[in-house]
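Here the structure is laid out as structure tokens; the discussion comes afterwards.
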Amino acid sequence: MQNVLPELRQQKGWSQQRLADQVGVSRQTIISIERGRFDPSLPLAFRLARVFDRTIEEIFTSPETDD
């Protein structure tokens, strides 16, 4: 899953640790999400959307696949 978390976080001037503290996860979790190695749970995606005042769809996108 692709995301714009690094851009949103940098716009606020937040470190990965600050974002992690805001949503109640570890810094490693934020790193993994930002790098696309981990897809957040739905509750975590909602918390991330809330702290950035965005919708989940504005933050996370699924790469298009050919059917």
Side-chain angles (χ1 to χ4, degrees):
M1 187 176 307
Q2 299 169 336
N3 67 77
V4 295
L5 277 183
E7 294 87 353
L8 294 173
R9 183 175 53 74
Q10 290 167 3
Q11 286 172 7
K12 286 193 173 271
W14 288 358
S15 66
Q16 290 169 327
Q17 185 62 58
R18 171 124 186 234
L19 177 56
D21 292 343
Q22 289 286 322
V23 297
V25 298
S26 70
R27 181 175 158 268
Q28 266 318 112
T29 298
I30 296 300
I31 291 168
S32 293
I33 293 170
E34 286 187 354
R35 293 182 179 166
R37 288 188 274 160
F38 174 74
D39 292 336
S41 65
L42 192 54
L44 177 53
F46 274 110
R47 289 196 306 270
L48 289 164
R50 201 170 313 127
V51 299
F52 291 115
D53 195 29
R54 303 286 174 106
T55 65
I56 292 172
E57 293 85 359
E58 289 174 311
I59 299 174
F60 299 97
T61 58
S62 180
E64 297 299 319
T65 58
D66 295 331
D67 290 335

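Quantities reported herein were computed from a predicted structural model and do not represent experimental measurements.
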In chain order, what residues pass the side chain to side chain donor-acceptor pair (under 3.5 Å) check against T55, with sequence neighbours excluded? E58
Those residues that, when tested against S26, pass side chain to side chain donor-acceptor pair (under 3.5 Å) (two or more places apart): T29
Name all pairs fulfilling the salt bridge (charged side-chain N to carboxylate O under 4.0 Å, His left out) condition that reach into residues 9-31, sequence neighbours left out, sorted by first residue then second. R9-E34
Qualifying side chain to side chain donor-acceptor pair (under 3.5 Å) pairs with a residue from residues 35-49, counting only residues at least two apart or across chains: none
Co-members of L44 in a cluster of I, L, V, M, F, W and Y side chains, linked at under 4.5 Å: M1, V4, L5, L8, W14, L19, V23, V25, I30, I33, F38, L42, F46, L48, V51, F52, I56, I59, F60
Contacts satisfying ring-ring contact (aromatic ring centres under 6.0 Å, His included) that involve residues 18-37 (not counting sequence neighbours) are none
